[in-house]
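Here's the structure we're looking at; comments come further down.
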Amino acid sequence: MQRWAVRLEYDGRDFVGWQRQATGLSIQQVLEDAAGRLAGGSIVPSITAGRTDAGVHATGQVAHLDFPSTLRLTASIVRDALNFHMKPHRVAILSACPVDLAWNARFSAVRRFYRYRILNRRSRPALDEGRVWLVKRALDERAMAEAARHLLGRHDFTSFRASACQARSPLRTLDRLDVARHGEDIVIETDARSFLHHQVRNMVGTLKLVGEGSWPPARVAEALAARDRRAAGPTAPPDGLYLTGVGYDPDPFRPERG
C-alpha cells in the first residue's frame with residue numbers, strides 16, 4: 001500500500017457528517033468513492049483527524065488514504081483526480097502528500113483548531129445561511145471573552161460533553177478560547193490537542209448566555225466545576241462551526257507538494 005495524506009474543505013450542510021451512516025450521504029463516502037475510482041475500482045479506506053457532525057464545515061480537515069502500491073501517483077494527480085471524481089459535491093482536496101505507513105491522520109495529530117461564527121444582527125443572512133449562527137439579541141463580546149478565560153487549561157469538561165460522547169475521560173486541556181467581534185460577526189477561536197463530542201458547541205452555547213446578559217461571566221466557572229451537563233448552556237447549532245486545521249509535528253503538508 002501507499003499512504004497519502006490529504007487536506008480538504010467542505011460545506012457540511014449537504015451531509016450526515018464525516019462518518020459513513022446507514023442512511024444519508026457522508027463526506028467519508030464521497031471521498032472513498034472518489035478514491036476507489038482513482039484506484040480503478042479498488043476499495044480505498046480512509047482515516048480522518050476529526051469526525052465532524054452533520055452540518056459542521058471544514059476549511060482544514062485532514063485524512064489519509066491507502067492506495068494500491070501499483071498506482072503511479074503524484075501529489076497533483078491525487079489532488080486533481082479526487083476533486084474531479086467528487087464533483088458535484090461541495091468537498092475539495094486542497095493538497096496531498098505521501099506519508100509513511102506509520103503516519104496516521106488521527107493518532108499523529110497533536111492539535112486541532114476550530115472556529116465558530118455568530119452573526120449578531122436582526123436580519124437573517126442572505127449569503128451565509130447555514131454557515132453562521134444568527135443571534136438577533138445584542139451580545140457583549142467582552143463579557144464572553146472574560147467568561148471564556150474560566151475554561152482555559154486542563155479541566156474535567158463533563159459539563160460541556162455530549163451524553164453520547166465515547167471518550168474514556170472527560171479531562172481535556174484547552175489551550176485557546178478567544179472571542180472577538182468583527183463588525184456584525186462574533187468569532188470564537190479555540191484549539192486543543194483533542195476535544196470531547198460537542199465540547200466546542202456546548203462552550204459556545206454557554207458563552208452566548210453570558211453575551212446576552214442571562215449569565216454573569218463567573219457562572220461559567222461554576223458550570224465547569226459542577227461536572228454536570230445540565231449546569232452548562234445549550235448546544236449551539238452546527239451551522240457556525242468550522243474545523244480550520246489540524247497540527248502535526250512534523251507537518252507533512254509543509255512545504256506544500258504538487
Side-chain angles (χ1 to χ4, degrees), residues 9-18 24 27 50 52-61 89-92 112-152 157 159-163 174 176-192 195-224 226 229-245:
E9 67 179 20
Y10 49 82
D11 185 328
R13 292 177 296 171
D14 300 333
F15 304 100
V16 295
W18 173 272
I27 301 140
T52 52
D53 290 329
V56 175
H57 316 292
T59 60
Q61 175 69 281
H89 302 292
R90 287 184 286 194
V91 183
R112 291 162 176 84
F113 302 85
Y114 284 92
R115 175 181 301 127
Y116 197 98
R117 295 177 58 203
I118 297 175
L119 179 62
N120 190 208
R121 72 183 192 193
R122 297 293 302 175
S123 300
R124 65 177 179 82
L127 300 179
D128 279 333
E129 184 176 4
R131 298 190 179 97
V132 294
W133 181 16
L134 175 64
V135 176
K136 296 183 178 182
R137 190 170 176 178
L139 297 177
D140 182 346
E141 72 279 3
R142 288 169 295 185
M144 295 169 69
E146 179 184 346
R149 289 195 285 270
H150 292 294
L151 299 174
L152 293 174
F157 280 97
S159 297
F160 299 90
R161 177 185 191 180
S163 59
L174 191 66
R176 180 172 62 136
L177 186 59
D178 295 337
V179 182
R181 178 179 286 275
H182 304 281
E184 296 173 326
D185 284 354
I186 292 178
V187 179
I188 300 169
E189 302 271 6
T190 187
D191 67 77
F195 291 88
L196 300 167
H197 190 201
H198 285 178
Q199 181 181 342
V200 177
R201 290 167 58 190
N202 291 338
M203 292 190 301
V204 171
T206 301
L207 294 179
K208 182 256 190 184
L209 294 179
V210 174
E212 68 185 18
S214 298
W215 281 25
R219 186 169 170 181
V220 173
E222 297 171 5
L224 177 66
R229 180 67 192 93
R230 296 168 295 180
T235 305
D239 309 47
L241 184 59
Y242 297 74
L243 174 60
T244 58

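Fair warning: this is a prediction, and the values are worked out from it, not measured in the lab.
Qualifying side chain to side chain donor-acceptor pair (under 3.5 Å) partners for D14, counting only residues two or more places apart in sequence or in other chains: R90. With sequence neighbours left out, R181 forms a salt bridge (Lys or Arg N to Asp or Glu O under 4.0 Å) with E141. Here R13 pairs with D11 under the side chain to side chain donor-acceptor pair (under 3.5 Å) rule; sequence neighbours left out. Not a single side chain to side chain donor-acceptor pair (under 3.5 Å) links T59 to another residue, sequence neighbours left out. With sequence neighbours excluded, no residue forms a side chain to side chain donor-acceptor pair (under 3.5 Å) with H150.
The pair D239-R131 does not meet the salt-bridge criterion, since no charged nitrogen lies less than 4.0 angstrom from a carboxylate oxygen. Between K208 and E212 there is a salt bridge, with a side-chain nitrogen of the basic residue lying less than 4.0 Å from a carboxylate oxygen of the acidic one.
Rounding to the nearest 0.5 Å gives a distance of 10.0 Å between CG of L134 and CD of E184. Separating the CD atom in Q199 from the CZ atom in F160 is a distance of 8.5 Å, to the nearest 0.5 Å. In this structure, the separation between OH on Y114 and CE on M203 is 10.5 Å, given to the nearest 0.5 Å. Considering NE2 of H57 and CD1 of I27, their distance stands at 10.0 Å, rounded to 0.5 Å. The CG atom of N120 lies 4.5 Å from the CD1 atom of I186; values are rounded to the nearest 0.5 Å. Atom OG1 of T244 is separated from atom CD of E9 by 12.5 Å, given to the nearest 0.5 angstrom.
Between H182 and V187 there is a side-chain heavy-atom pair separated by less than 4.5 Å. Counting heavy atoms from C-beta outward, R117 and D128 have side chains that approach closer than 4.5 Å. Residues V204 and L207 are not in side-chain contact: their nearest non-hydrogen atoms beyond the backbone lie 4.5 Å or more apart. At least one side-chain heavy atom of D185 sits less than 4.5 Å from a side-chain heavy atom of L119. Side-chain contact between V210 and P216 is absent, with no heavy atoms from C-beta onward closer than 4.5 Å. Two residues are said to be in side-chain contact when any heavy atoms from C-beta on lie closer than 4.5 Å; L224 and S159 fail this criterion.
Among residue pairs with one or both ends in residues 197-216, none qualify as ring pair (Phe, Tyr, Trp, His ring centres under 6.0 Å); sequence neighbours excluded.
Between S214 and R137 the shortest heavy-atom distance is OG-NH1, 4.3 Å. The minimum heavy-atom distance between A231 and A226, with the atom names listed, is CB-CB, 3.6 Å. Closest approach of P237 to Y116, counting heavy atoms only: O-OH, 2.6 Å. A pairwise comparison of heavy atoms in A143 and P217 identifies O-CG, 3.9 Å as the closest pair. Closest non-hydrogen pair, A54 versus P238, comes out as O-CB, 3.4 Å. When all heavy atoms are compared, the tightest approach of L209 to G233 is CD1-CA, 3.7 Å.
For the 3.5 Å distance criterion, the side chains of Y10 and T52 qualify, holding a donor opposite an acceptor. Neither side chain, T206 nor R201, offers a donor N or O lying under 3.5 Å from an acceptor on the other.
Crowding of E129 atom CD: a count of heavy atoms from other residues, nucleotides or ligands under 6.0 Å not exceeding 12. Crowding of R142 atom CZ: a count of heavy atoms from other residues, nucleotides or ligands under 6.0 Å not exceeding 12.
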Could you check L139 against I118 for side chain to side chain contact (heavy atoms under 4.5 Å, CB included), going step by step and ending with a plain yes or no? CA-CA 10 Å; L139 297 177; I118 297 175; 4.0 Å; yes
Evaluate the criterion side chain to side chain contact (heavy atoms under 4.5 Å, CB included) for residue pair F113 and E189; output intermediate values, then yes/no. CA-CA 8 Å; F113 302 85; E189 302 271 6; over 6 Å; no
Could you go through the side chain to side chain contact (heavy atoms under 4.5 Å, CB included) check for I188 and M144 one step at a time? CA-CA 10 Å; I188 300 169; M144 295 169 69; 4.2 Å; yes
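R149 contributes no side-chain N or O that, together with a main-chain N or O of L152, makes up a donor-acceptor pair within less than 3.5 Å. A donor-acceptor pair under 3.5 Å links the side-chain atoms of T190 to the main chain of R176, judged by distance alone.
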